[in-house]
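Note on naming: letters A, B, ... go to the chains in the order of the sequence lines (proteins, then strands), and numbering restarts at 1 for each one. Just so we're clear, the structure is a prediction, and the values are computed from it rather than from any experiment.
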Amino acid sequence: MAKNLNKIGENGIYKVKDKIAGKKNFYHLVMFPYPSGDLHIGHWYNFAPADVYARFKKMNGFNVLSPIGFDAFGLPAENAAIKRGIHPKDWTYKNIKTMMRQLKNIGAIYDWSRKIITSDPDYYKWTQWIFLQLFKSGLVYRRKAPANWCLKCRTVLANEQVIEGKCERCGSDVIQKNIEQWLFKITDYAEELLKDLDGLDWPEKTKTMQRNWIGRSEGAMIKFPISDSEEFIEVFTTRADTVFGATYAVIAPEHPLIGALGLKIRNFEEVKKYAAEAAKKSELQRTDLAKEKTGVKLEGIEAINPLNGEKIPVFSADYVLGHYGTGAVMAVPAHDQRDFEFATRYNLAIKQVITPQINADLRENKLNKAFEEDGYLFASGEFTGLKSAEGRKKIVERLGKKGLGSGKVNYKLRDWLVSRQRYWGAPIPIVYCDKCGIVPVSEKNLPIKLPNVKNYLPTEEGRSPLAKSEKFVKTKCPKCGSSAKRETDTMDTFVCSSWYYLRYADPKNSKRFADPKKIKAWLPVDVYIGGAEHSVLHLLYARFFTKALYDMGFLSFKEPFLKLRHQGIILGPDGQKMSKSRGNVIDPDELVEKFGSDCVRMYLCFMGPYDQGGPWNPTGILGIKRFLERVYRLTFNIKRSNIDIGASEAQKLKRILHQTVKKTTEDIENFRFNTAVSSLMILFNEMEKNFEILKFSNFEIFLKLLSPFAPYLTEDLWRQLGNKKLIHREKWPIYDPKLIKEEKFELIIQINGKMREKISVDCGVSQKEAEKLVLEQEKVKKILGDQRIKKIIFVPDRLINIVI
RNA sequence: GCCGGGGUGGCGAAAUUGGAAGACGCAUCAGCUUUAGGAGCUGACGCCGCAAGGUUUGCGGGUUCAAAUCCCGCCCCCGGCACCA
């Protein structure tokens with residue numbers, strides 16, 4: 001069936017115009033895939049139900065843009081290509097070809113004329129252009145510092161790409177490597193990125209994850225001067241109320257103060273050795289909680305508590321992180337478990353300065369772990385007796401007067417490291433000149449094309465393979481014209497995907513990244529659908545780009561995706577994650593071959609709640625197959641007459657029809673595809689049972705409701721029923737609220753809250769009438785016997801509960 | 001450890017301003033029809049019971065005429081973060 005429409009989508013019927021008179025634009029976006037080589041069932045689960053929604057919106061009168069493209073640059077594609085000994089470019093474009101063919105099977109309303117591929121020069125030209133704009137705005141900087149280095153991928157990784165100390169892509173160990181790198185100052189936007197989450201229609205879970213990732217915390221900066229020195233240790237703390245309990249200070253092994261103090265540290269060599277060992281450890285080893293805390297005392301160095309003048313020892317220890325806060329802490333072992341463990345191990349003083357009750361007697365109280373809650377200040381000079389919150393405020397005020405402290409907000413979010421020492425990415429448009437230093441490439445020379453080199457393998461010494469291409473490296477300084485060298489690192493692929501949603505508005509534009517008028521016509525994205533695994537990476541970066549481009553005056557909105565929905569993950573039939581090695585992979589091509597595209601689409605919708613996913617049930621799809629075949633058969637059994645036979649049955653059928661229109665509409669709007677399908681089944685079961693009195697026009701309404709789920713079948717049947725136009729261009733049915741009302745209902749009769757009987761009565765029956773009817777029931781009489789009725793509860797049009 | 005989400009038949013799941021638990025579908029069983037392929041139709045189908053009836057939403061309490069739904073305590077599963085001072 002539907003063979004004649006197999007080429008749906010290829011002949012331009014889904015081409016989108018930027019403006020249609022009388023229609024509102026609706027930007028419907030799915031996360032574009034990277035060209036892995038095969039469209040798997042997870043893609044289908046993202047794209048097929050999403051397309052149901054897009055078609056639904058279209059039939060509801062919107063001018064819907066639903067584009068698709070490929071996130072083509074990046075590590076995964078490159079690693080896969082290397083494994084097979086194929087050039088990344090050949091591999092990528094071959095895969096795109098295959099995947100386009102597979103994508104067309106879905107039957108989505110993609111406008112293929114807007115397809116984008118991020119590894120095409122006319123796309124990455126604008127990725128580079130945006131890099132230059134960020135550079136101009138001071139949001140890009142270069143720095144030599146320890147970075148996450150994946151041993152296998154031989155490149156640095158962003159903080160977000162290191163999962164439990166391992167590479168997100170290949171799972172190998174990640175170590176710290178001191179290397180020159182490019183970073184985007186996403187931290188400038190920490191507060192805005194946090195605050196603006198409130199206004200977004202996103203899953204709460206995703207917003208929470210971003211909030212946690214940004215990790216705002218309010219506290220104070222406090223300076224601890226160092227005896228006989230101009231230097232001081234500046235710490236960040238959220239517990240200024242515990243300053244009197246600070247019995248030592250700790251700086252991270254990589255803290256610059258160690259170098260600054262130099263030989264003032266009597267055991268300088270030992271301290272340097274400790275730092276070197278810490279650097280060798282992977283993030284995973286260093287942050288292993290189970291590990292005993294280690295550290296080394298800075299002999300001959302003392303810090304002065306700025307509040308009480310006490311001299312305290314200073315340690316270097318790797319339980320303090322170099323990159324958070326100031327890389328130094330005041331240690332309060334009585335009120336911080338980490339400090340407590342360290343103090344216990346090295347026999348350091350533990351001084352309690354917060355008590356749960358005011359004026360607590362601490363004489364017999366020996367702590368066996370840190371007391372971390374708020375309480376009342378104790379042994380804290382003039383601050384004694386204050387509540388923690390007040391103590392914090394007063395102490396920071398006092399320190400402020402001395403010039404040794406101030407309030408401060410800190411974030412866990414770190415700047416985004418974007419340089420990669422890899423081949424398959426957009427070259428960073430920067431030139432190094434001996435005279436002028438770091439110089440951005442002139443915009444009119446973009447794109448800086450990625451050369452087609454033979455040797456694309458990552459190198460051991462931590463330089464991009466591009467460094468070996470003399471032709472690429474050698475250039476002229478854009479400023480002074482003397483000979484210069486190109487930057488050879490490429491950009492993180494997440495840079496490419498941080499703005500692609502803008503390009504879809506105007507994908508062919510060669511003068512700008514997109515025409516502002518077209519951007520205005522479509523953006524921001526009305527609904528964005530994709531996996532929850534992008535909750536912090538892509539979704540945070542894309543928000544950052546939008547905000548930065550807004551501040552530069554290129555956009556008129558600050559958030560790219562107003563509404564976000566995630567699909568769940570489909571597991572293999574064994575409940576395990578699908579993988580070739582486990583042999584539990586479900587191939588959508590095979591399913592389409594066996595059951596047809598409509599059937600696969602609809603079953604994916606029917607499986608369960610969209611955001612839930614779960615194991616694939618190999619036989620479940622048969623139910624949908626049967627259903628669609630029954631629909632096909634019934635189409636040719638309907639009597640083509642509009643005469644109602646058997647008024648009451650026809651009335652009932654009409655009522656269910658209108659109820660279904662209502663339910664399906666509401667369910668699709670709320671991404672409840674599973675219940676939308678089941679309501680269509682209920683309606684169809686009724687229609688099939690009563691096909692002799694089924695009105696032709698009513699069956700057509702059913703077909704329209706079905707069409708977003710089963711576009712191929714419904715277009716075919718629509719035509720076979722004699723319609724000239726396409727069903728997906730029809731208007732979505734509207735229900736009549738008067739017609740969905742029931743005339744009768746089943747009155748539930750409860751006795752002491754237990755259901756005992758039900759009777760059919762007219763809607764709107766009064767309590768009096770209902771009681772009379774109920775008490776006449778034989779069964780009720782029997783149970784009641786001669787017991788006294790204490791109370792009767794009546795819920796109109798629902799139930800009656802007799803309490804005895 | 002912290003932050004989210006969840007636990008309902010053999011299975012996927014419905015039902016949330018508290019009001020019939022298990023819609024819809026899968027699997028299974030019986031019958032019809034075919035008697036060859038995961039074909040079609042009709043019916044049964046939470047559990048115990050021949051039945052009347054009893055019982056049932058992870059476990060234990062509570063509120064209520066009435067709890068899958070609200071409250072308290074506990075157990076388990078999934079996802080994320082994790083020495084963030």
Side-chain angles (χ1 to χ4, degrees), chain A residues 163-165 203-213 215-217 219-220 235-240 242 250 252 286-291 293 317-321 323-332 335-339 341-342 372 410-414 532-533 535-536 566 568-569 571 573 594 603 606-609 611-627 629-630 633 672 674-685 745-758 790-804:
Chain A
I163 312 293
E164 289 176 354
E204 210 41 56
K205 183 186 164 170
T206 305
K207 292 207 250 182
T208 306
M209 276 169 72
Q210 291 215 352
R211 286 190 189 109
N212 291 343
W213 190 261
R216 183 183 201 274
S217 82
V235 304
F236 173 73
T237 179
T238 54
R239 294 298 304 272
T242 65
V250 191
R286 185 155 161 191
T287 59
D288 181 4
L289 275 155
K291 177 198 80 162
K293 293 187 174 33
D318 71 359
Y319 81 91
V320 170
L321 307 171
H323 55 72
Y324 182 75
T326 61
V329 300
M330 63 173 199
V332 185
H335 305 294
D336 183 289
Q337 186 58 27
R338 296 154 301 179
D339 298 339
E341 282 163 24
F342 190 80
E372 294 188 315
N410 235 317
Y411 301 91
K412 281 193 224 173
L413 184 69
R414 289 193 251 166
E533 68 274 15
S535 294
V536 279
H566 297 307
I569 295 168
L571 305 170
K594 255 187 187 166
Y603 179 59
F606 185 61
M607 275 180 68
D611 58 0
Q612 185 179 297
W616 177 262
N617 178 348
T619 55
I621 193 167
L622 291 171
I624 301 292
K625 182 178 170 252
R626 284 176 203 142
F627 176 74
E629 281 168 356
R630 280 161 62 206
R633 282 199 297 270
R672 289 191 297 253
N674 56 333
T675 48
V677 172
S678 86
S679 71
L680 287 175
M681 286 172 167
I682 293 168
L683 169 63
F684 180 78
N685 290 346
F745 76 101
E746 296 275 297
L747 177 70
I748 305 305
I749 306 170
Q750 292 183 340
I751 294 170
N752 280 350
K754 266 191 186 145
M755 210 272 281
R756 295 297 181 176
E757 184 64 299
K758 55 188 171 185
K790 283 188 194 149
K791 197 167 22 166
I792 294 180
I793 281 128
F794 178 71
V795 183
D797 287 1
R798 204 167 274 272
L799 63 77
I800 190 159
N801 188 9
I802 304 168
V803 187
I804 50 173

Where [X] and [Y] come nearest, the two heavy atoms and their spacing:
| X | Y | answer |
| --- | --- | --- |
| A/Ala252 | A/Val320 | CB-O, 3.4 Å |
| A/Phe342 | A/Lys293 | CD1-CB, 3.9 Å |
| A/Val677 | A/Phe606 | CG1-CD1, 3.5 Å |
| A/Met607 | A/Gly614 | CE-O, 4.3 Å |
| A/Tyr603 | A/Gly620 | CE1-C, 3.5 Å |
| A/Phe794 | A/Ile800 | CD1-CD1, 4.0 Å |

(message) Judged by each residue's nearest nucleotide on RNA chain B, which is more toward the 5′ side, A/Gln750 or A/Trp213?
(response) A/Gln750
(request) Using heavy atoms to find the nearest nucleotide of RNA chain B for A/Leu413 and A/Gly753 separately, return the residue whose nucleotide is more 5′. (result)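 Taking each residue's closest nucleotide, the earlier one in sequence belongs to A/Gly753.
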Atom-to-atom span, [atom1] of [X] to [atom2] of [N] - whole angstrom:
| X | N | atom1 | atom2 | answer |
| --- | --- | --- | --- | --- |
| A/Ile793 | B/C65 | CD1 | P | 7 Å |
| A/His335 | B/A85 | NE2 | C1' | 14 Å |
| A/Met209 | B/C2 | CE | C1' | 14 Å |
| A/Lys754 | B/A67 | NZ | P | 10 Å |
| A/Leu799 | B/C65 | CG | C1' | 10 Å |
| A/Gln210 | B/G79 | CD | P | 20 Å |
| A/Ile751 | B/G53 | CD1 | P | 12 Å |
| A/Met755 | B/A15 | CE | C1' | 15 Å |

(request) Return yes if the base of B/C83 and the side-chain atoms of A/Lys293 contain a donor-acceptor N/O pair under 3.5 Å, otherwise no. (result)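 Check passes, donor-acceptor contact within cut-off.
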Would one find a side-chain N or O of [X] under 4.0 angstrom from OP1 or OP2 of [N]?
| X | N | result |
| --- | --- | --- |
| A/Asn674 | B/C24 | no |
| A/Thr208 | B/G80 | no |
| A/Lys758 | B/A20 | no |
| A/Arg756 | B/G54 | yes |
| A/Asn801 | B/U64 | no |

(message) Nearest to the A/Asn685 side chain among B/G4, B/C24, B/A85, which nucleotide is it?
(response)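 Nucleotide nearest to A/Asn685's side chain: B/C24.
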(message) If you only use heavy atoms from C-beta on, which nucleotide in B/C24, B/A85, B/G19 is closest to the side chain of A/Thr237?
(response) B/A85
Counting Watson-Crick and G-U wobble pairs only, both distances under 3.5 Å, name the nucleotide matched with [N], or none.
| N | result |
| --- | --- |
| B/G38 | none |
| B/G79 | B/C3 |
| B/G49 | none |
| B/A68 | none |
| B/G22 | none |
| B/G43 | B/C29 |

Using modelled atom types only, decide if a donor and an acceptor are shared between the side chain of [X] and the backbone of [Y] within a distance under 3.5 Å.
| X | Y | result |
| --- | --- | --- |
| A/Glu372 | A/Gln337 | yes |
| A/Asp611 | A/His566 | no |
| A/Asn410 | A/Ser217 | no |

(request) Would you give the length of the straight line joining atom CD1 of A/Ile802 to atom CZ of A/Arg756, rounded to the nearest 0.5 angstrom? (result) 11.0 Å
Select base, sugar-phosphate, or nothing to describe what [X] touches, counting heavy atoms under 4.0 Å on all strands.
| X | result |
| --- | --- |
| A/Asp339 | nothing |
| A/Gln337 | nothing |
| A/Ser217 | sugar-phosphate |
| A/Lys791 | sugar-phosphate |
| A/Val329 | base |

(request) Indicate whether the side chain of A/His335 and that of A/Arg239 have a donor and an acceptor atom separated by less than 3.5 Å. (result) no
(request) Pull up the glycosidic torsion of B/G9 and say syn or anti, syn being anything within 90° of 0. (result) syn
Are there any protein N/O atoms within less than 3.5 Å of an N/O atom in nucleotides 8-12 of chain B, and if so, which ones and at what distance?
residue : atom : partner  : partner atom : Å
B/G12   : O2'  : A/Met607 : O            : 2.4

(request) Treat primed atoms plus P, OP1 and OP2 as sugar-phosphate and everything else as base, then score nucleotides 28-48 of chain B 5' to 3': B for base contact with protein heavy atoms under 4.0 Å, S for sugar-phosphate contact only, - for none. (result) ----------B-SS-------
(message) Would you say that A/Leu799 contacts A/Met755 through its side chain, given a criterion of any heavy-atom pair below 4.5 Å between the two side chains?
(response) no
